[in-house]
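To start, the structure itself, in structure tokens.
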Protein chains: 2
Amino acid sequence: MAETTSRILALLNLLQTHRQWTGAELAERLAVTGRTLRRDIDRLRELGYRVEATRGAAGGYRLEAGAELPPLLLTDDEAVTMAVGLRVAATQGIADGEQTTLSALAKFEQVLPTALRQRVNALSVAVQSLTPRGERISAELLGQLALACRDHERIRFSYVAADGVTSERAVEPHSLVAAGRTWFFVCWDLRREDWRTFRVDRISSFFGTRVHCEPRQLPVADAAEFVAVALASLHRGRLNAEVVMRMPIEQMRTHFGPWATGAEAVDAEHTRWPIGGDSVEGMFGSLAWIPPGVEYELHGDEVFLEFVRETGKRLRDASER
Amino acid sequence: MAETTSRILALLNLLQTHRQWTGAELAERLAVTGRTLRRDIDRLRELGYRVEATRGAAGGYRLEAGAELPPLLLTDDEAVTMAVGLRVAATQGIADGEQTTLSALAKFEQVLPTALRQRVNALSVAVQSLTPRGERISAELLGQLALACRDHERIRFSYVAADGVTSERAVEPHSLVAAGRTWFFVCWDLRREDWRTFRVDRISSFFGTRVHCEPRQLPVADAAEFVAVALASLHRGRLNAEVVMRMPIEQMRTHFGPWATGAEAVDAEHTRWPIGGDSVEGMFGSLAWIPPGVEYELHGDEVFLEFVRETGKRLRDASER
DNA sequence: CTGAAATAGGTCGCTTTCTGTCCTGAAAAA
DNA sequence: TTTTTCAGGACAGAAAGCGACCTATTTCAG
């Protein structure tokens, strides 16, 4: 069977690298007779994978999209690409299910050979420079935290609090919570002997002790408090502003596409567009996309308005020289 | 039946979902005796996967990152997340190897069940709204083209040429080439009986005939021409500009991080920073990130400078009301 | 219409592998 | 020291795998 199992895996691999194979080709590659190959194909079908066959000349076997996903056999290069993509997905905060992203990330994190891991790290940095600016959080760290949560492994790390004070922490991980693009790490602090919430982007010097710990029950009463603290921390630095532009909402939606989220009509001619965000710079950038000729007004925090006035002035000066 | 093969796969699956398992637990899950389980573990090891064991109390089996990546057994949710991440990676143009991205994409595209595919499509749209603005290209289309290239499958599609004329094409795919964030599709046009290059973002109504075609040899002499055409088309709309700011390059690198790519020192006090891009709006946004108090000058295409002047003026007006 | 190429699958006998049930050993933690 | 856990040899019966036949069926090309 040692032979058979690896051969089945190899067959699955072959079927994944080309759409169409004749039985003879496959049999030769696997070094078995055609009869055995047909039996192997049957085995795959019994395992639930849709291997379809076309008879006659120019026929062959094909692995079709079935009800279940077959085990993915990736080459090193492909694995690197997927890992990078996954990290981008995680750090950009895919809306669907953050828990899912994490479990996928943990799965990868567990088995990714170190040689590949280094390539992934190198690439992730390069890719992040393509994404919108903002706090950069380490996807590798996120992956390791996710793995620690999944496996209930005790960990240690350094944390820079909001007031700038650095402290060393030894904790039992509980879960990761995403709020927008910011991740929060909920865990039991062993020294303080209490539940704590940390911002992932302020965690560093991650160290995984290999010590397993019993999962603790998060007190339900306190869970609400955690969320509150986390959100407060998130909204503290958050800025609010909105644009009222002379443009019917339909037209505005067409022009801005997915970025029109939150826009609403003021009247038939005007649209209100919220552009709140974490950074004045990013919010400023949004304004550039209002098409030429469209009149608009700006309302919002004075901090932001002041920034716009000042930056607008500097830009005009710089471009007129 | 093929009990053992499926059991080995199941075992690999279990080892991927939790870090630590005791032999007894695994044996129970797989409905075999401990002895058989140990044999299964041995089989996995023979297949090249690093299953490590710790003896004694609180011991167990762990799947470690080895030299090779084991077949990834993903749940539906995880698969969706990965596919989305992969599409993001492909459309954002990962620098490493576009061919790799494509082969991974094709691998996924082939076996992704339709139910999951719909979820992936829905999510991809949502995710792309988070990415920098610009032409949005369909990652699903890219995946299907990649699959067609890999399998030498004849396809049909509609194409909108640069002059706005739409035509129907029947082609034999050859390859996909990435230039920056734009993808080009190289193929043999069956009606014109010649090689053609298409911009992927102008292709629509993709239709895969199931007809297999013999791979054609791309004439080397003409290959240069393709690249030229592709690059010309890419650079036609591309804008150039640069900022010279009063800031030492070291400090600038610290402040801008990965976005400082391409920056170079003019002298000890000044740094030149290229901000060329596809859209004046995006380039404008970059300027907001120059820290307050830093003097700078702007050089570049008149189109861009005019945009900056105009937009700067509008912004000041809007914020002063 | 015919032949070639391709999948589909039944049967038979030999060989190999697998499995459970015994063991005993060794290592690690409480 | 005791308990828990992995490690692995030996054996016998059961099961599966494999190749070597064989025939049937479908499809396309000529």
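Note that these values count all heavy atoms, side chains included, but never hydrogens, waters or copies made by symmetry. A note on names: the letters A, B, ... follow the listed sequences, proteins ahead of strands, and every chain is numbered from 1.
Rounded to a whole Å, the CG atom of D40(A) is 13 Å from the C1' atom of dG19(D). Counting to the nearest Å, the P atom of dT16(C) and the CD atom of E3(B) are 24 Å from each other. Atom-to-atom, CD of E46(B) to P of dT17(C) comes out at 11 Å; the value is rounded to the nearest Å. What separates CZ of R7(B) from P of dT17(C) is a distance of 16 Å, to the nearest Å. Rounding to whole angstrom units, CD of residue E28(A) and C1' of dG19(D) are separated by 17 Å. The interatomic distance linking L11(A) (CG) with dC18(D) (P) rounds to 12 Å, in whole Å.
Distances shorter than 4.0 Å separate none of the side-chain N or O atoms of T33(B) from OP1 or OP2 on dC22(C). For dT19(C), neither phosphate oxygen OP1 nor OP2 lies less than 4.0 angstrom from any side-chain nitrogen or oxygen of T36(B).
Shown here are the salt bridge (charged side-chain N to carboxylate O under 4.0 Å, His left out) partners of R39(A), two or more places apart in sequence or in another chain: there are none.
No side-chain heavy atom of H18(B) sits less than 4.5 Å from a side-chain heavy atom of L14(B). Using a 4.5 Å heavy-atom threshold, the side chains of F185(A) and F157(A) count as touching. Side-chain contact between R191(A) and E168(A) is present, with at least one heavy-atom pair separated by less than 4.5 Å.
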Using a 4.0 Å cut-off on protein heavy atoms (strictly under), produce a 5'-to-3' string for nucleotides 1-13 of chain D with B for base contact, S for backbone-only sugar-phosphate contact, and - for none. ---BBBBBB----

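A pairwise comparison of heavy atoms in T54(B) and R62(B) identifies OG1-NH2, 3.6 Å as the closest pair.
At a threshold of 4.0 Å, the pair D194(A)-R192(A) does not count as salt-bridged, since none of the basic side-chain nitrogens sits closer than that to a carboxylate oxygen.
Side chain of R43(B), nearest nucleotide from dG19(D), dG20(C), dT19(C): dT19(C).
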